[in-house]
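Only this structure's heavy atoms are used, side chains among them; waters, hydrogens and symmetry mates stay out. First the proteins, then the strands, lettered A, B, ... as listed; each starts at 1.
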Amino acid sequence: MALVHKLLNGTYILRKCPKPSVASCPFLSTRFADYCSSSLEKPVAAPGKASSQRKTEGNLEGHHQREVDLDITSPEDKPEVSFDKAIKEEIKDHFRRLKDDIVNHWIGPEGRPLHEVLMEQAKVVWQFRGKEDLDKWIVTSDKTIGGRSEVFLKMGRSNQSALLYGTLSSEAPQDGESGRSGYCAMISKIPTGPFERKRFYDWSQFNTLYLRVRGDGRPWMVNIREDTDIIQRKDQMYSYFMFTRGGPYWQEVKIPFSKFFFSNRGRIRDAQYQLLLDKISSIGFTLADKVDGPFFLEIDFIGVFTDPAHTEEFAYENSPELNPRLFK
Amino acid sequence: MRLLRLREVKAFFQGHAASHQLGWNWIPRLSLSPKGLKILAASLSCCRWLSDRQRHELGPSHPAGPGPLSGLGRYLQHCPHRSPLLSVVLYPQVTPQAPRGLHCSTAAHNPDSPLVPRPPEPQRGLVKALAPHEELFRQAPDGVRDKASFVQAVQNFTQYNVHKRGHVDFIYLALRKMREYGVERDLAIYNLLLDIFPKEVFRPRNIFHSIFLHYPRQQECGIAVLEQMENHGVMPNKETEFLLTQIFGRKSYPMLKFVRMKLWFTRFKNINPFPVPRDLPQDPVDLARLALRHMEPDLSARVTVYQMPLSKDSTDATDPTEPHIVGIQSPDQQAALAHHDPARPIFVEGPFSLWLRDKCVYYHILRADLLPPEERLDLAYGRSSWDDYEFNIDEVEEGPVFAICMAGAHDQATLAKWIQGLQETNPTLARIPVVFRLSASSGELLASSSGLEETPLTPPEGREEEENNQQRQQQSQS
């Protein structure tokens with residue numbers, strides 16, 4: 001069972017007790033980077049009250065609001081965690097992960113032997129088979145700027161998919177500066193290694209994003225963010241549209257990475273660059289189609305694969321009218 | 001100490017009068033001497049009279065300002081000797097008090113002008129203050145709001161206003177009103193709005209014009225027009241380009257936005273693999289047909305209308321007792337249903353929501369639970385022979401879907417009629433027990449599949465319900 005420690009600096013550490021060994025499951029590389037959900041909450045002065053099943057709602061600080069179903073467990077269920085023990089456990093955990101990291105480096109990238117990594121053609125990056133998979137995602141809506149949309153994330157039927165549902169409302173907040181409103185988003189958390197160092201996904205061998213979803217006919221936008229250490233990169237992202245068909249059948253959405261266009265601070269830029277796949281930090285889904293009403297999106301899993309038939313490198317060429325400097 | 005210039009006072013008054021309409025944010029900046037302030041205060045009493053008149057014109061619903069002489073009085077008291085730029089915050093409702101000298105003490109405070117302004121009184125009625133030129137859009141009560149009346153209003157503006165005074169405000173107002181008149185996707189109307197701008201005036205003529213944003217308000221307004229076009233998905237044409245070049249010049253921001261729209265719209269025009277027509281059919285049966293075809297990937301599926309709504313000549317609402325029922329089923333599904341084991345029940349689930357552009361319709365499905373692995377038929381759609389990739393994950397397995405339907409009502413009686421209609425093409429359906437799993441809330445999938453949430457089967461006269469009851473009794477007994 002995963003144990004959640006909540007410390008004074010407000011960091012949640014998720015520790016999975018059984019660690020899968022390299023030999024037994026070679027393709028479960030997703031489990032190696034332990035996902036630390038560093039929540040942007042203010043430190044709460046009750047560190048001993050962490051319950052493994054409880055998910056608390058985040059504050060508005062940092063403009064992220066985690067709206068996840070509250071699983072209130074009964075008071076008898078809460079395990080007793082003492083503060084000192086929690087600190088010690090966390091430090092031990094970090095060191096263990098550091099050791100694993102160093103050892104894995106000798107075996108190969110991400111702990112898998114090199115030939116496996118090179119021969120891999122399809123990889124599952126995010127799957128939704130349990131509640132801990134939902135912890136890797138943050139769900140936001142325009143409530144952070146004062147709008148009225150609501151969005152929730154929970155496990156779908158028979159615990160085999162994730163259901164993102166809610167209501168979109170394009171009523172603009174009356175704060176004098178927003179003209180439009182109405183968006184909901186589900187963003188993945190940036191994976192972290194030992195001591196909260198940021199990790200990135202390296203998808204340079206793959207060229208297509210694969211999603212198995214079931215929607216309700218609404219158009220979504222898929223956004224990929226790259227390495228966010230450089231400060232300008234915080235506002236940059238690469239996006240493309242995902243059109244759901246609706247209906248009772250599962251839909252496979254394949255988006256080649258060459259189709260993602262570049263945008264900065266929410267605006268499509270004139271100078272377009274290709275999405276480079278070696279330092280991806282997060283992916284997100286946004287719904288902002290200006291139509292008020294309830295929506296839902298069921299996601300089975302998200303993966304990347306190599307489509308051998310797709311040879312395009314980048315879909316958008318720069319135009320000399322908009323960017324004369326590039327064509328001098 | 002200089003005397004107040006007449007034009008400054010005029011500007012002040014005009015600004016004051018305009019501040020009614022533009023809102024309370026307008027702050028006139030006026031460089032005043034203390035003597036000028038006295039004159040100003042005196043003239044404010046005239047303003048009060050003016051505003052009173054306007055208030056009577058506009059109607060009793062004009063919101064009262066936050067207390068009489070609050071803003072100006074406070075400034076007069078607290079900063080008596082600041083001669084250059086005194087920014088005066090204006091409130092339109094100023095009581096006709098005697099112009100106070102700058103040297104009176106704060107103790108001589110009027111009891112009804114508190115230091116902290118009172119919150120504005122609640123609005124009487126729902127009528128807001130009219131924007132400038134809004135009377136052009138007001139029309140006879142029996143007038144219909146459509147394209148012709150919108151064009152008429154625009155032409156009224158240009159007719160009575162040869163020099164196009166206040167055209168920026170008018171264009172913003174017209175952009176807001178477009179939705180009411182139903183013309184927000186009409187390119188001709190947008191070109192007409194762009195036509196309101198005076199031509200050739202805002203083009204930069206020398207290097208200084210082009211360095212600094214030449215006529216920024218007008219350029220912002222032009223961008224706002226194009227932005228509303230973009231929001232509604234209207235593609236601009238050559239006439240728009242010509243107008244923009246004529247008004248703003250080729251190197252202006254509206255022209256740049258136009259170039260960007262041209263580029264990105266053409267790039268993203270056809271990226272939707274499941275396109276939905278812009279004008280959805282109004283007839284519910286046609287809409288249901290379109291939606292069912294949209295959902296079903298099998299092209300050989302057949303759409304059947306099981307029940308037409310009773311057409312009434314006077315009203316166009318569907319009769320609640322006779323809603324339309326439209327269903328779709330493909331030959332593969334028919335075959336699967338024929339092979340279905342009658343011992344297993346099949347479920348009618350719903351309603352699920354489907355969005356077509358901005359319309360939400362609901363559908364129900366007929367499906368069975370997961371078969372055990374040995375009996376499983378491969379009915380997965382979308383698995384083609386070109387897949388040479390495999391994800392190391394077990395995909396979500398769900399039972400096969402046999403048919404989809406869309407009905408006007410979501411109750412069991414209507415769906416029972418659908419099942420009856422399905423029986424004609426699927427005779428084996430008569431022997432299979434059908435369980436209705438209907439959820440009360442629409443727009444969300446059913447939460448659990450573990451327990452059978454069977455709605456109490458109030459028996460309509462369908463034969464399968466009796467069968468089902470018998471089956472259930474047998475199962476409960478065994």
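Rounded to the nearest 0.5 Å, atoms CG (B:Asp358) and CG (A:Asp292) are 10.0 Å apart. With values rounded to the nearest 0.5 angstrom, B:Asp298 atom CG is found 8.0 Å from A:Tyr249 atom OH. A distance of 12.0 Å separates OG1 of A:Thr244 from CH2 of B:Trp355, quoted to the nearest 0.5 Å. For the atom pair CZ (A:Arg218) and SG (B:Cys360), the distance works out to 8.0 Å, reported to the nearest 0.5 Å. In this structure, CE on B:Met295 lies 10.0 Å from CZ on A:Arg245, to the nearest 0.5 angstrom. Atom CD in A:Gln160 sits 8.5 Å away from atom CD in B:Glu398 (nearest 0.5 Å).
Between A:Gly303 and B:Phe391 the shortest heavy-atom distance is CA-CE2, 3.8 Å. The heavy-atom pair separating B:Leu354 from A:Gly246 by the smallest distance is CD1-CA, 3.6 Å. Among all heavy-atom pairs drawn from B:Tyr363 and A:Pro248, the shortest one is OH-N, 3.5 Å.
Only the side chain of A:Phe261 comes within contact range of chain B, with heavy atoms under 4.5 Å apart. Looking at A:Asp307, neither its backbone nor its side chain comes within 4.5 Å of chain B, counting heavy atoms on both sides. Residue contact with chain B, scored on non-hydrogen atoms closer than 4.5 Å, is absent for A:Arg267. Using a 4.5 Å cut-off between heavy atoms, A:Gln272 contacts chain B through its side chain alone, with no backbone atom that close. In this structure, chain B has no heavy atom under 4.5 Å from any part of A:Val253.
Atom OH of B:Tyr253 is surrounded by 12 or fewer heavy atoms from other residues, nucleotides or ligands within 6.0 Å. Residue B:Leu299 qualifies as open at atom CG: its count of foreign heavy atoms under 6.0 Å is 12 or below. In this structure, B:Asp279 places its CG atom where only 12 or fewer heavy-atom neighbours from other residues, nucleotides or ligands lie under 6.0 Å away. When the shell of 6.0 Å around CZ of B:Arg293 is examined, it contains more than 12 heavy atoms from other residues, nucleotides or ligands. Counted within 6.0 Å of CZ on B:Arg357, heavy atoms from surrounding residues, nucleotides or ligands total more than 12; the atom is thus considered enclosed. Remark: A:Arg148 CZ is loosely packed, at most 12 non-hydrogen atoms of other residues, nucleotides or ligands lying under 6.0 Å away. The number of heavy-atom neighbours closer than 6.0 Å to NZ of B:Lys359, taken from other residues, nucleotides and ligands shown, is above 12. For A:Gln174, the CD atom is loosely surrounded, since the number of other residues' heavy atoms within 6.0 Å does not exceed 12.
Listed by chain and number, the residues in a ring pair (Phe, Tyr, Trp, His ring centres under 6.0 Å) with A:Trp220 are A:Phe295 (sequence neighbours excluded).
Applying a 4.5 Å heavy-atom cutoff, the residues of residues 263-272 of chain B that approach chain A are B:Leu263, B:Trp264, B:Arg267, B:Phe268, B:Ile271, B:Asn272.
At a threshold of 4.0 Å, the pair A:Glu321-B:Arg260 does not count as salt-bridged, since none of the basic side-chain nitrogens sits closer than that to a carboxylate oxygen.
Side-chain contact between B:Glu227 and A:Arg180 is present, with at least one heavy-atom pair separated by less than 4.5 Å.
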